[in-house]
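Inspection log for the structure reproduced underneath, given as C-alpha cells.
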Amino acid sequence: MSRTRKRLDIDTFVARLAAAYPLWRAPIITFIANRGATPFEILVSTILSLRTKDEVTGGAAARLFATARTPEQVLALGEAEVARLIYPVGFYPTKAKRLMEISRMLLDVHRGEVPDTMAALLALPGVGRKTANLVLVEGFGRDAICVDTHVHRISNRIGYVRTRTPEQTEMALRRKLPRRHWVRYNELLVAFGQTLCRPQSPHCSRCPVSDMCPRIGVTRSR
DNA sequence: AAAACGGGGGC
DNA sequence: GCCCCAGTTTT
C-alpha cells in the first residue's frame with residue numbers, strides 16, 4: 001500500500017460516475033421513480049425490497065398496489081392475502097406480518113399518515129435505518145443518506161471512509177461528503193454497485209473510476 | 001457477534 | 001446443485 005496515494009477527490013469521483021450513468025435519475029429503488037408514489041407506497045415498496053432484487057420487488061409492489069394503496073386497504077386485505085400477493089419477495093411471510101403491523105400502527109398512532117422523522121420511522125416494526133432514510137429521501141425530499149450494502153461496500157472500497165457498520169458509514173458520509181453530493185452519490189453508488197462494482201468480482205476493467213480506486217488489483221476482479 | 005428469516009438468479 | 005446476493009430483528 002503506497003503511502004503517497006493521494007486522497008480521493010470526491011468531486012471528480014461523482015462527476016465520473018455521473019458521466020458513466022447519464023440516464024440514471026432519482027430512484028434509489030428503481031421502480032419507485034416518476035410515479036408520484038405516496039409516502040405509504042414508498043414505505044411499503046422499501047419494505048418489500050429488503051434483501052430482494054428490484055425486478056422481483058417491482059412485480060410484488062404492482063400486485064399489492066392494484067388492490068391496496070392505503071393502510072386501511074392493506075388491513076382489509078388481510079395478512080394471508082398480502083403474503084400471497086407479495087410472493088416471491090424474500091422473507092415474504094415476515095414482511096406480510098410487518099405490513100399489517102405497520103398499517104395498524106400508522107392508523108392508531110399517526111392518523112393514517114407515514115411519519116417524517118427518523119425516530120418515528122424507526123419505531124415502526126421492520127423499519128431500520130436504511131428503510132427510514134430511503135423514505136425520508138424519496139418520500140419527503142429530505143437530505144438523508146440511505147446506506148445499503150452497495151453504499152457501505154463501495155465507500156470503503158474506494159477508501160473514502162473506513163467503517164465497520166452501515167450506520168458508521170452513514171455518519172462518516174454525513175461528515176465528509178458535501179451535502180450537494182448526498183443524493184447523487186447515493187443513487188450512483190447503488191447503480192454502480194448493482195452493475196460494475198460487485199461485492200466479490202467487480203468489473204474493474206470496465207470501471208470509470210478504477211484509476212481512483214486503491215482496491216484495484218487487490219479485490220478479485222474480472 | 002451471529003443466527004434467523006425465504007427466495008431468485010448465475011454459474 | 002451450490003454459492004452469491006440483499007436489511008432487520010433476535011439471541
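Chain A is the first sequence line, chain B the second, and so forth, proteins listed ahead of strands; every chain is numbered from 1.
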### Message
Which nucleotide wins on minimum distance to the side chain of A:Pro88, given the candidates C:dA6, B:dG7, B:dC5?
### Response
B:dG7
### Query
Out of B:dG6, C:dA6, B:dG8, which nucleotide sits closest to the side chain of A:Tyr87?
B:dG8
### Query
5'-most contact on DNA chain C: A:Thr52 or A:Val127, nearest heavy atom basis?
A:Thr52
### Task
Inspect the contact between A:Asp211 and A:Arg16 and indicate whether a charged nitrogen and a carboxylate oxygen are less than 4.0 angstrom apart.
yes
### Nearest listed nucleotide, side chain of A:Arg98, among C:dT10, C:dA6, B:dG6
C:dT10
### Message
What I want to find out is whether A:Glu101 reaches A:Arg104 closely enough, with some N-O distance under 4.0 Å, to be called a salt bridge.
### Response
no
### Message
Of the listed nucleotides (C:dC5, B:dG7, C:dA6), which one gets closest to any side-chain atom of A:Arg51?
### Response
C:dA6
### Query
What interatomic distance, in whole Å, is found between P of C:dC4 and the corresponding atom of B:dG6?
22 Å
### Task
Output the single nucleotide from C:dG7, B:dC5, B:dG7 whose closest atom is nearest the side chain of A:Thr94.
B:dC5
### Per A:Leu50 side chain, nearest of listed nucleotides B:dG6, C:dA6, C:dT8
C:dT8
### Query
If we take the P atom in both C:dA6 and B:dC11, what is their distance in whole Å?
15 Å
### Task
Looking only at side-chain atoms of A:Val56, point me to the closest of B:dG7, B:dG8, C:dG7.
B:dG8
### Shared hydrophobic cluster, A:Tyr92 / A:Phe65 (ILVMFWY, side-chain heavy atoms < 4.5 Å)
yes
### Query
Which atoms form the tightest heavy-atom contact between A:Cys197 and A:Pro202, and what is the distance?
CA-CB, 4.1 Å
### Message
Which nucleotide wins on minimum distance to the side chain of A:Arg164, given the candidates B:dA1, C:dT8, C:dA6?
### Response
B:dA1
